[in-house]
Amino acid sequence: MNFALIGAAGFIAPRHMQAIHDTGNNLLAAVDLHDCVGKLDSFFPDARFFTEIERFDRFLEKRRRGPDDQRVQYVSICTPNYLHDSHVRLALRIKAHAICEKPMVISPWNLDALQDLEAEYGCRVYNVLQLRLIPALQELKRVVDADRSDHRAEICLTYVTRRGRWYDVSWKGNPEKSGGVSMNIGVHFFDLLGWLFGEPEHWEVHLRTPRKMAGLLELERARVRWFLSVDEEDLPDSARQAGKYAYRSMTLDGREIEFSDGFTDLHTRVYREILAGRGAGINEARPAIELVFALNNADTVAHPDCYHPFLETTQAFDVGPYRMVA
């Protein structure tokens, strides 16, 4: 298969390049406003590269009108969150399937338009939901699905990953372009929780600042206290002493769920699932996007008996709810 890639200079793009390479496919063209794309040499040194999306679009359109063996069948999208749906539409217009990083969109109603375009162009839009492919979590899902009792698991989810001052002035620090912390680093985990424990029935937001967020989420089969942060000050002492810049923990009824292993080739596994016709699409992506949008637009409430343990020590000032735009 022939691929094209939008956002080739970004952090996540090399994982897509490797996945395209490891699945035996070809990257014909890539585009990015920035030209720091030397990683292409490791995988596809002959790929055409553009710094203008208009010339990239013209190249793909010429290929679409040419011989079948020269047209692009898939477009991988690794751009800032607020550009995803626009670049998905570009892929569909050239009659190519789209493979989009999370979140597929920021505002959930934009998913409806993409579904209409899927039907119009006869192509699919896939989302990279790689945590669903971690073996330990797949085994946990089998256990949860097999449990016929009325037990509602108690989950405590914590994710702290250090980000420097650049974060605040980049697109990631602008909630209208990124969706805020809950989209940037949280949507992966909200998708995972819904996949494991069912649809959300109730949610609360206990803390919201530009760099951290916490709350309570009640799902069909679990009650989740969650905490997300990009502040180094929230790293536990154990992580600091080990020289780590990130801390990830998920406990189920007080027992730690270990899923650190199996991360190295997750994008390649995602691509294999997509190429085999089993990829996650718009319907799979929708629940987490709708949930995060609701959390971002919910008022913060005081509910101390439901607080995440980290709220006892975090230094934060609630600046009020984010308001998303189309």
Side-chain angles (χ1 to χ4, degrees), residues 1-10 12-33 37 39-40 43-105 110-130 267-286 289:
M1 294 289 183
N2 291 326
F3 280 73
L5 189 150
I6 308 177
I12 204 67
R15 300 185 192 181
H16 287 260
M17 296 176 194
Q18 181 163 359
I20 295 168
H21 178 271
D22 290 351
T23 52
N25 296 294
N26 184 39
L27 182 66
L28 287 184
V31 63
D32 202 294
L33 295 176
V37 292
K39 196 66 177 179
L40 281 168
F43 302 104
F44 301 102
D46 294 328
R48 292 286 302 274
F49 175 68
F50 300 85
T51 57
E52 296 171 277
I53 193 74
E54 296 83 1
R55 292 185 175 185
F56 174 78
D57 181 33
R58 183 168 61 197
F59 174 84
L60 297 183
E61 178 62 24
K62 286 182 178 179
R63 290 295 183 122
R64 184 183 73 84
R65 296 173 179 273
D68 287 345
D69 63 345
Q70 294 185 15
R71 63 181 294 270
V72 169
Q73 287 90 21
Y74 289 87
V75 176
S76 301
I77 298 163
C78 310
T79 49
N81 297 352
Y82 71 106
L83 298 175
H84 284 176
D85 65 320
S86 175
H87 294 152
V88 166
R89 292 194 299 271
L90 185 155
L92 295 176
R93 283 197 301 270
I94 65 158
K95 301 292 183 71
H97 306 293
I99 301 177
C100 187
E101 271 293 339
K102 295 173 298 299
M104 189 178 291
V105 297
N110 289 326
L111 293 173
D112 299 334
L114 294 185
Q115 283 189 311
D116 289 342
L117 290 173
E118 274 190 326
E120 180 178 343
Y121 290 109
C123 294
R124 291 288 310 279
V125 182
Y126 296 102
N127 211 192
V128 179
L129 304 178
Q130 71 268 35
H267 277 71
T268 297
R269 296 186 198 180
V270 168
Y271 271 64
R272 286 183 178 135
E273 289 294 301
I274 290 171
L275 293 166
R278 298 187 296 266
I282 293 176
N283 288 336
E284 288 78 13
R286 184 184 292 273
I289 293 172

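The shortest heavy-atom contact between Met17 and Phe44 is O-CE1, 3.5 Å. What you find for Ala29 and Ala47 is that their closest heavy atoms are N-CB, 4.5 Å. Between Leu114 and Leu92, the shortest heavy-atom contact is O-CD1, 4.4 Å. Ala13 approaches Cys78 most closely through the heavy-atom pair CA-SG, 4.0 Å.
Between Tyr271 and Phe3, the distance from one ring center to the other falls under 6.0 angstrom.
Of the possible donor and acceptor atoms, none in the side chain of Asn2 sits under 3.5 Å from a partner among the backbone N and O of Val72. No donor-acceptor distance shorter than 3.5 angstrom exists from the side chain of Glu273 to the backbone of Val270, with no hydrogens or angles considered. With hydrogens and angles disregarded, no donor-acceptor distance shorter than 3.5 Å links the side chain of Asn127 to the backbone of Ala280. Remark: side-chain polar atoms of Thr23 are paired, donor with acceptor, to backbone N or O of Ile20 under 3.5 angstrom. Remark: side-chain polar atoms of Asp22 are not paired, donor with acceptor, to backbone N or O of Thr268 under 3.5 angstrom.
Taking the six-membered ring where tryptophan is involved, the planes of Phe59 and Phe50 are tilted, since the angle between them lies from 30° to 60°.
Ion pair Glu61/Arg64 flagged as a salt bridge, since at least one NZ, NE, NH1 or NH2 atom sits closer than 4.0 Å to an Asp/Glu carboxylate oxygen. Under 4.0 Å is where a charged nitrogen must lie from a carboxylate oxygen, and between Arg286 and Asp112 at least one such pair does.
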- Item | Verdict with reasoning, Asn25 to Leu275, per side-chain contact (heavy atoms from CB on, under 4.5 Å) | CA-CA 10 Å; Asn25 296 294; Leu275 293 166; 3.4 Å; yes
- Please walk me through it: do Leu27 and Leu5 pass side-chain contact (heavy atoms from CB on, under 4.5 Å)? CA-CA 8 Å; Leu27 182 66; Leu5 189 150; 3.9 Å; yes
- Would Lys102 and His84 satisfy side-chain contact (heavy atoms from CB on, under 4.5 Å), going step by step from the backbone distance to the final call? CA-CA 9 Å; Lys102 295 173 298 299; His84 284 176; over 6 Å; no
- Do Thr51 and Asp32 pass the side-chain contact (heavy atoms from CB on, under 4.5 Å) test, and can you show the C-alpha distance, the side-chain angles, and the key distance before you say yes or no? CA-CA 5 Å; Thr51 57; Asp32 202 294; over 6 Å; no
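For the atom pair Arg65 CZ and Ile94 CD1, the distance stands at 12.0 Å (nearest 0.5 Å). Considering OG of Ser76 and CD1 of Ile12, their distance stands at 11.5 Å, rounded to 0.5 Å. Interatomic distance, Arg58 CZ to Glu52 CD, rounded to the nearest 0.5 Å: 9.0 Å. Taking CD of Glu284 as the start and CG of Leu129 as the end, the distance is 7.5 Å to the nearest 0.5 Å. Here Leu60 contributes atom CG and Leu90 contributes atom CG; the two are 6.5 Å apart, rounded to the nearest 0.5 Å. Interatomic distance, CZ of Phe56 versus NE2 of His87, reported as 9.0 Å (0.5 Å rounding).
Within the structure, the side chain to side chain donor-acceptor pair (under 3.5 Å) test picks out the following pairs touching residues 89-101 (sequence neighbours left out): His16-Glu101, Asp85-Arg89, Glu101-His267.
For the pair Val128 and Ile99, the minimum side-chain heavy-atom distance is below 4.5 Å. In this structure the side chain of Val75 reaches within 4.5 angstrom of the side chain of Ile6, judged on heavy atoms.
Under the side-chain contact (heavy atoms from CB on, under 4.5 Å) criterion, Glu118 pairs with Gln115, Arg124, Val125, Ile282, not counting sequence neighbours.
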